[in-house]
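The structure under discussion appears below in the form of structure tokens.
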Amino acid sequence: MKRELVIVLDFGGQYNQLVARRVRECNVYCEIYSYKTDLDKIRAMQPKGIILTGGPNSCYEADSPTYSAELFKLGIPVLGLCYGAQLMQHVLGGKVARADVREYGKTEVLIDKRDSRIFTGVSEKTICWMSHFDSIFETAPGFEITAHTADCPVAAAENEAEKLYAIQFHPEVLHTQEGTKMLANFVLNVCGCAGDWRMDSFVEETVKRMREKVGDGKVLCALSGGVDSSVAAVLLSKAVGEQLTCVFVDHGLLRKDEGDEVEAVFGPKGPYHLNFIRVNAQERFYNKLAGVSEPEKKRTIIGEEFIRVFEEEAKKIGAVDFFVQGTIYPDVVESGQGGESSVIKSHHNVGGLPEHVDFKEIIEPLRDLFKDEVRKAGLELGIPDYLVFRQPFPGPGLGIRIIGEITSEKVRIVQEADAIYREEIANAGLAGSIGQYFAALTNMQSVGVMGDERTYDYAVALRAVNTIDFMTAEAAEIPYEVLKKVMSRIINEVKGVNRVMYDLTSKPPGTIEFE
Ligand code: XMP
């Protein structure tokens, strides 16, 4: 049976992935494509509905992203959001221009057409998230206005007969209180989707698909212990068992006990029957890093050395048929293969693909999933919570949490301080409410006293941030009592530290990591 698909056409707005996620929450499968996607390609996909996203441009300017009017004549329902709404009106003969008043933030929207199919069950007055300079001043022929605000005469418009809907605000943003209801109305009521796409079928179907694809071939996986590579590895192990070999490189820059935790799950004593190779390359990395304090240089060394170690192991294994990667949907979108928005974090990937690994084909079992969906799959596969809900941990590991030269002694200090910090955050019940938190080691040594003795030791920095997309962040407000306890435990328990500081810097101007 062909699975129902709704497509999001990306016009460069910041919430595009969010639109797709919200649609999937309605149990309708959804994919993101660039607005440059050919009409024929769209037709061939036979989507049940099309959603046009927001974007930073003005649709009436010559070089702004656009689409031909034919898109609206396919007989497929279209929902335009913000820029997408304006574009729909502009292309079909309405009038869009700069408004006198810019609307931004939570705004009361008054629904004029209560029986609109898209506003079924929505309150007459409803709070929505607005963010626009331009406004629709005249709707295109055949459209009627279905909602307005104090400053915006056309907050929504529709041509019910043609199934075309324009919404000036952002239903995908949670500040729009009834936004999910509106999106569900679109995909279920207007597009007529059945809403039967479920994550639980993903694991079963993927295991089956992988088994068929791999046959009796040999599979190699670079396992980091992060959520994505762990879930990919377990999926493959379910599918092909001992035909899978996982190589886990311990570069000596992991968090305290992390190497052992990964081994406990994937190693010979764990529940999965796969070939697990742990490479203890700590000394090798420390030697390469000796005397290097420039951040980019450290990153490069760690990335390159990682690839060398991995290649050496792969050579020992010999030719394999498939190489598994834990690529997930946001990676696909952000690398430009999906949508338009360019929040590229390429510098965040360690190295890239090893050049001298001998394989025929790459398999990426998670490339259609968002992070929360990968986590769901992980839980279903029985991967322990502490791996599934791990915080983001950079590929170069503690290498970018130690300022200046990296030594095994400094790694020990930051590992111990970080373990205490994480333990106390968990004890205080804060673990789920802070985006990312960790201890880092500044390169500062200063005078202190311990007992009767003068010390000259390091200062540890505690970092904790709240963030939605990791592109911007605010320092988290951790209760003072918790910070005090962490400070006193670190000073007492971690040799070599005599100061603990809390980093208040937001991003920008700071970064989240500490390098
Ligand atoms: P920054 O420090 O740039 O970090 O504000 C933003 C987010 O990205 C993570 N990060 C990385 N993740 N490899 C990764 O897999 C990396 O090299 C890397 N550098 C930063 C960082 O932890 C934060 O979540």
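Start at 1 and go down the list; that is how both ligands and their atoms are numbered. By convention here, the first residue in the shown sequence is residue 1. When reading the values below, keep in mind they use all heavy atoms of this one structure, side chains included, and skip hydrogens, waters and symmetry mates. Predicted model only: the values in this text are computed from it and were never measured.
The backbone N or O of L462 sits nowhere less than 3.5 Å from a side-chain atom of Y421 that would complete a donor-acceptor pair.
Distances below 4.0 Å separate heavy atoms of Q436 from the following atoms of ligand 1: 22 (O), 23 (C), 24 (O). For ligand 1, the atoms lying closer than 4.0 Å to a non-hydrogen atom of P396 are 13 (N), 16 (C), 17 (O). Numbered from 1 in the order shown, with element, the atoms of ligand 1 that lie under 4.0 Å from a heavy atom of T511 read 1 (P), 2 (O), 5 (O).
Considering both main-chain and side-chain atoms, I400 never comes within under 3.5 Å of ligand 1 through any nitrogen or oxygen pair. Among the atoms of P394, none of the N or O lies under 3.5 angstrom from an N or O of ligand 1.
Electrostatic pairing of K208 and E205 does not count as a salt bridge here, judged by no charged N lying under 4.0 Å from a carboxylate O. Note on K213 versus E361: salt bridge recorded, some NZ/NE/NH1/NH2 to OD/OE distance being below 4.0 Å.
Here the closest heavy-atom approach between residue D331 and residue G326 is recorded as OD2-O, 4.3 Å.
Using the six-membered ring where Trp is involved, F11 and Y83 have ring planes that are tilted, between 30° and 60° apart.
A heavy-atom separation below 4.0 Å is found between R299 and ligand 1.
A cation-pi contact links R401 to F438, judged by a cut-off of 6.0 Å to the six-membered ring centre and 45° from its axis.
Looking at M471, E515, K507, E513, it is K507 that brings a heavy atom closest to atom 6 (C) of ligand 1.
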